[in-house]
Visitor: 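Quick one: the structure is below, and I'll ask about it shortly.
Hydrogens, waters and symmetry mates play no part in the numbers below; they use all other heavy atoms, side chains included. The residues of the chain are indexed from 1 along the displayed sequence. Model, not experiment: these values are computed from the prediction.
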Amino acid sequence: MKLRKLIGAVALMASAMMTAQSAVAGDKIRIATEGAYAPFNQVNSEGQLVGFDVDIARALCAEMKADCEIVAQDWDGIIPGLRARKYDAIIASMSITKERLRVVDFTDRYYSNVLAYVAAKGKSVDTSKAALKGLTIGAQRATIAGQYLEDNLGDVVNVKLYDTQDNAYLDLASGRLDLLLSDKFPAYDWLKTDAGNGFEFKGADIDINDEIGIALRKGSKLRTRFNDALKAIVANGTYEKINAKYFPFSIY
């Protein structure tokens, strides 16, 4: 009788362990992205979230064997939404900064970024601080580009900030901006469109050691899982395939 009880207890424990492992492998993770930052995250004609960030998120979830839901969230409210537990992670081309690290944790980088100026083709532009004096320069609000303008040029130029990158492009195309400062890779994508065809990069890239990571709530146990999954998709070639889908050069 005692032996039967012991065997039953062992079997019960084994079953519980398998259930727990299964729960970890197939748990639900909600991931937020902006949905207005092509080619990294945008909504296609069928109303679906697509882009580099979205593909990376899905690849990481597949590697973790997690059941993930990807949702759209306006940029201005994306960190407050994470902290309010509306979702568990942000994969939205978010730069790792000291200010953000005070309120959220980040994974290792999943790509690196530089800033670049954009203006009309054929327009001669000197991007030195002295030469930019009096110009109107735009960027998306609450971004590294916007912060760079305010911190480094706010005393000499008219800084105009926008709620989305698309609205910044619209004002540049309509002539309401002299220059746009942007993360280079989304701007590279826009320059290939009909709307961006008449524009080009100006001056040298601005390298501010900008690394892009996945934002998580402070102390989240998902950090290790995402980092392990990221290393795996880089090692097995999945990352390279996603990169090549959007850019003819590595952004890692």
Side-chain angles (χ1 to χ4, degrees), residues 29-41 51-61 63-64 68 70-116 139-152 161 164-165 181-189 205-235 239 242-243 246-247 249-252:
I29 300 173
R30 282 173 61 84
I31 298 171
T33 196
E34 183 187 10
Y37 198 65
F40 290 92
N41 55 78
F52 179 88
D53 288 333
V54 177
D55 287 354
I56 289 293
R58 288 176 176 149
L60 294 173
C61 289
E63 184 65 34
M64 295 188 295
C68 291
I70 303 174
V71 298
Q73 169 66 52
D74 289 345
W75 183 255
D76 286 350
I78 205 164
I79 286 181
L82 175 68
R83 299 183 72 195
R85 297 183 175 272
K86 289 175 62 177
Y87 31 81
D88 307 298
I90 298 170
I91 303 182
S93 291
M94 182 172 284
S95 299
I96 302 169
T97 67
K98 291 179 181 178
E99 293 76 18
R100 288 172 180 153
L101 281 167
R102 294 191 184 107
V103 293
V104 297
D105 284 343
F106 279 96
T107 62
D108 298 337
R109 82 178 194 281
Y110 67 95
Y111 76 89
S112 300
N113 172 61
V114 295
L115 303 180
Q140 185 177 0
R141 184 169 58 241
T143 64
I144 292 294
Q147 191 69 53
Y148 181 90
L149 286 180
E150 292 184 314
D151 290 349
N152 297 279
L161 302 178
T164 68
Q165 187 79 358
L181 184 65
S182 171
D183 291 350
K184 186 167 188 177
F185 304 132
Y188 168 85
D189 188 70
D205 293 343
I206 303 172
D207 187 352
I208 53 173
N209 194 31
D210 186 16
E211 295 189 337
I212 311 302
I214 300 167
L216 305 161
R217 282 187 294 277
K218 281 289 185 182
S220 174
K221 294 180 180 179
L222 288 173
R223 186 174 184 275
T224 299
R225 293 181 63 194
F226 271 118
N227 278 337
D228 289 346
L230 179 58
K231 290 173 185 174
I233 68 169
V234 169
Y239 184 98
I242 295 171
N243 190 128
Y246 298 94
F247 305 103
F249 45 80
S250 174
I251 67 171
Y252 183 65

Visitor: Classify the side-chain pair Tyr111/Asn243 by whether it contains a donor and acceptor separated by less than 3.5 Å.
Guide: no
Visitor: Measure from the side-chain N and O atoms of Trp75 to the backbone N and O of Ala142, and report whether any donor-acceptor pair falls under 3.5 Å.
Guide: yes
Visitor: Should Lys184 and Ile206 count as side-chain neighbours, where that means a heavy-atom distance under 4.5 Å?
Guide: no
Visitor: Between Val234 and Tyr110, is there a side-chain heavy-atom distance shorter than 4.5 Å?
Guide: no
Visitor: Might you point out which heavy atoms bring Asn113 and Phe185 nearest each other, and give the distance in Å?
Guide: CA-CE1, 4.1 Å
Visitor: Taking Ser112 for its side chain and Tyr252 for its backbone only, find out whether a donor-acceptor pair lies under 3.5 Å.
Guide: yes
Visitor: Working note: Thr143 + Tyr148, criterion side-chain contact (heavy atoms from CB on, under 4.5 Å); need CA distance, chi angles, decisive distance, verdict.
Guide: CA-CA 8 Å; Thr143 64; Tyr148 181 90; over 6 Å; no
Visitor: Dump the intermediate steps for ring pair (Phe, Tyr, Trp, His ring centres under 6.0 Å) on Phe40 and Phe52, then the final yes or no.
Guide: CA-CA 4 Å; Phe40 290 92; Phe52 179 88; 5.5 Å; yes
Visitor: Measuring from Asp151:CG to Ile208:CD1, what's the distance to the nearest 0.5 Å?
Guide: 10.0 Å
Visitor: For the residue pair Ala229 and Leu60, what are the closest heavy atoms and their distance?
Guide: C-CD2, 3.6 Å
Visitor: Cation-pi check, Arg223 to Phe106: give yes when NZ or CZ is under 6.0 Å from the six-membered ring centre and within 45° of the ring axis, no otherwise.
Guide: no
Visitor: Evaluate the side-chain proximity of Ile214 to Ile90: yes if any heavy-atom separation is below 4.5 Å, no if none is.
Guide: no
Visitor: Please walk me through it: do Tyr188 and Phe249 pass side-chain contact (heavy atoms from CB on, under 4.5 Å)?
Guide: CA-CA 12 Å; Tyr188 168 85; Phe249 45 80; 4.0 Å; yes
Visitor: Taking side chain as C-beta onward, heavy atoms only, is Leu216 less than 4.5 Å from Asp88?
Guide: no
Visitor: Checking side chain to side chain donor-acceptor pair (under 3.5 Å) between Glu34 and each of Gln165, Gln140, Gln73, which is the one that passes?
Guide: Gln140
Visitor: Do the side-chain N and O atoms of Asp53 and Tyr37 include a donor-acceptor pair separated by under 3.5 angstrom?
Guide: no
Visitor: Please give me the minimum heavy-atom distance between Asp108 and Asn227, naming the atom from each residue.
Guide: N-OD1, 2.8 Å
Visitor: Is the number of heavy atoms from other residues, nucleotides or ligands within 6.0 Å of CG (Asp74) greater than 12?
Guide: no
Visitor: Give a yes or no on whether a salt bridge exists between Asp105 and Lys218, defined as a side-chain N under 4.0 angstrom from a carboxylate O.
Guide: yes
Visitor: Rounded to the nearest 0.5 Å, how far does OG of Ser95 lie from CG of Asn209?
Guide: 10.5 Å
Visitor: Do you know which two heavy atoms are closest between Ala57 and Ile70, and how far apart they sit?
Guide: CB-CD1, 3.9 Å
Visitor: Would you say the side chain of Glu63 lies within less than 4.5 Å of the side chain of Leu230, judging by non-hydrogen atoms?
Guide: no
Visitor: What distance do Arg100 atom CZ and Met94 atom CE have between them, rounded to the nearest 0.5 Å?
Guide: 5.0 Å
Visitor: Is there a side-chain contact between Asp210 and Val114 in this structure, where contact means two heavy atoms from C-beta onward sitting under 4.5 Å apart?
Guide: no
Visitor: If you take all heavy atoms of Cys61 and Ile31, which pair is closest and at what distance?
Guide: SG-CD1, 3.7 Å
Visitor: Are Ile29 and Met64 side-chain neighbours, meaning at least one heavy-atom pair lies under 4.5 Å?
Guide: yes
Visitor: Heavy atoms, side chains only, cut-off 4.5 Å: are Val104 and Arg217 in contact?
Guide: no
Visitor: Measuring from Leu115:CG to Asp205:CG, what's the distance to the nearest 0.5 Å?
Guide: 9.0 Å
Visitor: Measuring from Thr107:OG1 to Ile96:CD1, what's the distance to the nearest 0.5 Å?
Guide: 6.0 Å
Visitor: List the atom of Pro186, the atom of Pro39, and the distance in Å for their closest heavy-atom pair.
Guide: CA-CD, 3.6 Å
Visitor: Can you tell me how far apart CZ (Phe247) and CD1 (Ile242) are? Round to the nearest 0.5 Å.
Guide: 12.0 Å
